[in-house]
J.: 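Take this structure, written in structure tokens, and hold onto it; I'll ask about it next.
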Protein chains: 2
Amino acid sequence: MTVTPELTARSSRAADIVTAARRILEDEGVDALTMRRLAADVGIQAPSLYKHFPTKRAVEAALIEQGMLELGKALHAAVDSRGGGVRRLLEAYRQAALTRPALYRLATAGPLPRQELPPGLEEWAGQPFYLATGDPWRAQALFSLAHGMVILELDDRFPDRSDLGRTWKAGAAAFNR
Amino acid sequence: MTVTPELTARSSRAADIVTAARRILEDEGVDALTMRRLAADVGIQAPSLYKHFPTKRAVEAALIEQGMLELGKALHAAVDSRGGGVRRLLEAYRQAALTRPALYRLATAGPLPRQELPPGLEEWAGQPFYLATGDPWRAQALFSLAHGMVILELDDRFPDRSDLGRTWKAGAAAFNR
DNA sequence: TAGAATAGCGAACAGCGTTAGCCAGGAGGA
DNA sequence: TCCTCCTGGCTAACGCTGTTCGCTATTCTA
């Protein structure tokens with residue numbers, strides 16, 4: 001049993017930057033998150049951001065860390081509240097992702113900057129899938145299903161947006177032994 | 001039973017551009033596909049591309065069309081060659097995606113420019129999932145599983161890259177009634 | 001043969017991430 | 001008290017991106 005990871009400690013200025021970045025990301029989407037815009041929200045000039053973060057990617061890594069931590073907490077809560085429950089786990093996954101779509105996409109789409117993330121965070125966030133299936137390969141497959149459904153929903157790839165609840169139910173049913 | 005869609009007809013110059021774009025995309029990845037680079041490969045200047053395509057997105061839409069058509073063909077072939085076969089379908093999906101990773105990602109990640117795509121193409125490409133499951137919701141869930149596994153594999157999100165075959169088997173097993 | 005459409009071109013614009021060089025203020029030590 | 005060094009700002013600028021503008025040469029049509 002791994003212990004809940006903690007957020008990386010940062011100087012107050014750096015913390016301000018991450019907070020502002022998150023607000024921009026969630027309120028206006030990933031395209032709005034530019035270094036100049038971020039700097040303006042903090043009240044400085046863009047080049048000054050580089051006194052606190054080496055690259056834009058490093059700022060994003062801080063956001064990814066937040067996203068994975070929060071998603072992981074939601075999943076652990078769903079599974080801890082009395083074992084198994086594939087259905088429960090999927091519901092928690094979907095809800096956590098859809099309430100912060102831009103953050104979810106940033107944290108799960110594209111390659112991970114693993115070096116800039118706290119070690120163990122990724123594994124800890126994925127653990128609930130193992131707890132719900134009891135098998136590492138079924139766990140990975142279930143995670144794939146969850147991510148696939150969420151990302152396709154976020155990207156509006158399903159023909160009828162109306163009945164996605166039934167799609168999720170069908171997915172959960174497939175993984176109920 | 002829908003009929004196989006055909007590629008949108010284009011002027012020879014436009015076809016040259018799409019061909020060059022595809023070569024750049026597959027050989028050097030999505031970041032290498034810039035309008036200046038594309039123009040250079042065709043032997044013209046970047047602004048001249050806009051005599052043939054209104055935006056870069058339109059060039060990408062032409063590539064997406066190719067990607068969906070080829071993926072669809074592979075899936076239909078896997079299902080037609082004697083019914084059902086969730087396992088067969090997933091294997092065909094994985095292989096088609098991994099042999100053209102950049103094209104697959106372009107065609108399936110992010111929102112679709114549906115207006116610039118031939119009507120019916122998307123539905124036709126997804127049909128094999130219905131043929132393999134016999135149920136629209138199970139079909140969508142199975143598609144989600146396939147896409148999730150592929151995109152996570154492409155993005156190197158799984159801890160152990162070694163045994164992904166077992167993950168795919170576990171996924172197929174879950175959907176074998 | 002005149003006119004229009006086509007498809008090239010170079011110059012330029014705004015926005016992006018990022019680098020370089022400069023400078024004010026504060027902290028620590030002699 | 002003075003000197004030095006570090007921190008965190010600043011402006012200017014670079015190279016890149018997609019894209020627009022205005023011009024021109026060729027080709028097709030009436």
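This one's a predicted model, so the numbers in the text were calculated from it and none came from an experiment. Just so we're on the same page: letters track the sequence lines, and every chain starts at 1.
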J.: Taking atom NZ as the centre, does B:Lys73 end up with more than 12 heavy-atom neighbours from other residues, nucleotides or ligands that are less than 6.0 angstrom away?
T.: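 For B:Lys73, atom NZ is not crowded (no more than 12 foreign heavy atoms under 6.0 Å).
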J.: Measuring from atom CG of B:Asp163 to atom NZ of B:Lys169, what distance do you get when rounded to the nearest 0.5 angstrom?
T.: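 Reported value, rounded in 0.5 Å steps: 9.0 Å.
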J.: Ignoring hydrogens and geometry, is there a side-chain-to-backbone donor-acceptor pair from A:Ser48 to A:Ile44 under 3.5 Å?
T.: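 No: the side chain of A:Ser48 does not pair with the backbone of A:Ile44.
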J.: Could you run down the sub-3.5 Å N/O contacts of the protein with nucleotides 7-9 of chain C?
T.:
| residue | atom | partner | partner atom | Å |
| --- | --- | --- | --- | --- |
| C:dG8 | OP1 | B:Arg13 | NE | 2.9 |
| C:dG8 | OP2 | B:His52 | NE2 | 3.0 |
| C:dG8 | O6 | B:Lys51 | NZ | 3.1 |
| C:dC9 | OP2 | B:Gln45 | N | 2.6 |
| C:dC9 | OP2 | B:Ser48 | OG | 3.2 |

J.: Return the set of residues passing side-chain contact (heavy atoms from CB on, under 4.5 Å) with A:Arg10 (not counting sequence neighbours), or none when no residue passes.
T.: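 Expected list: A:Thr8, A:Ala14, A:Val18, A:Phe53, A:Ala62, A:Glu65.
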J.: Between B:Glu153 and B:Arg94, does any NZ, NE, NH1 or NH2 come within less than 4.0 Å of an OD or OE carboxylate oxygen?
T.: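 B:Glu153 and B:Arg94: salt-bridged.
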J.: Using five base pairs at each end to define the local axes, how bent is the helix from C:dT1-D:dA30 to C:dA30-D:dT1, to the nearest 10°?
T.: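 Its terminal axes enclose an angle near 10°.
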J.: Where do B:Tyr104 and B:Tyr93 land on the ring pair (Phe, Tyr, Trp, His ring centres under 6.0 Å) test, with the steps shown first?
T.: CA-CA 10 Å; B:Tyr104 176 83; B:Tyr93 194 97; 5.8 Å; yes
J.: Can you check the B:Phe53 CZ to D:dG18 P distance for me, whole Å?
T.: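 Taking CZ of B:Phe53 and P of D:dG18, I get 15 Å after rounding.
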J.: Of the residues in residues 28-37 of chain A, which ones touch DNA chain C at a heavy-atom distance under 4.0 Å?
T.: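 Under 4.0 Å from DNA chain C: A:Leu33, A:Thr34, A:Met35, A:Arg36.
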J.: State plainly whether the residues B:Arg57 and B:Glu60 are in salt-bridge range, i.e. N to O under 4.0 Å.
T.: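 Here B:Arg57 pairs with B:Glu60 in a salt bridge, since their nearest N and O are under 4.0 Å apart.
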J.: Would you please name every residue forming a salt bridge (charged side-chain N to carboxylate O under 4.0 Å, His left out) with B:Asp31, sequence neighbours left out?
T.: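 In terms of salt bridge (charged side-chain N to carboxylate O under 4.0 Å, His left out), with neighbours along the sequence ignored, B:Asp31 is linked to no residue.
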J.: Are A:Leu145 and A:Leu131 linked, directly or through other ILVMFWY residues, by side chains that come within less than 4.5 angstrom of each other?
T.: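 Yes, one cluster joins them.
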J.: Please report, rounded to the nearest Å, how far the P atom of D:dT19 is from the CG atom of B:Leu38.
T.: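 Distance check: B:Leu38 CG to D:dT19 P gives 12 Å.
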J.: What pairs with A:Glu28 under side-chain contact (heavy atoms from CB on, under 4.5 Å), at least two apart in sequence or on another chain?
T.: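 By the side-chain contact (heavy atoms from CB on, under 4.5 Å) rule, A:Glu28 matches A:Ala32, A:Arg37.
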J.: Taking atom P of D:dG22 as reference, at what distance in whole Å does atom OH of B:Tyr50 sit?
T.: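 To the nearest whole Å, that distance equals 17 Å.
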J.: Given atom NZ of B:Lys56 and atom C1' of D:dT20, what is their separation to the nearest angstrom?
T.: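 The answer, rounded to whole Å, is 17 Å.
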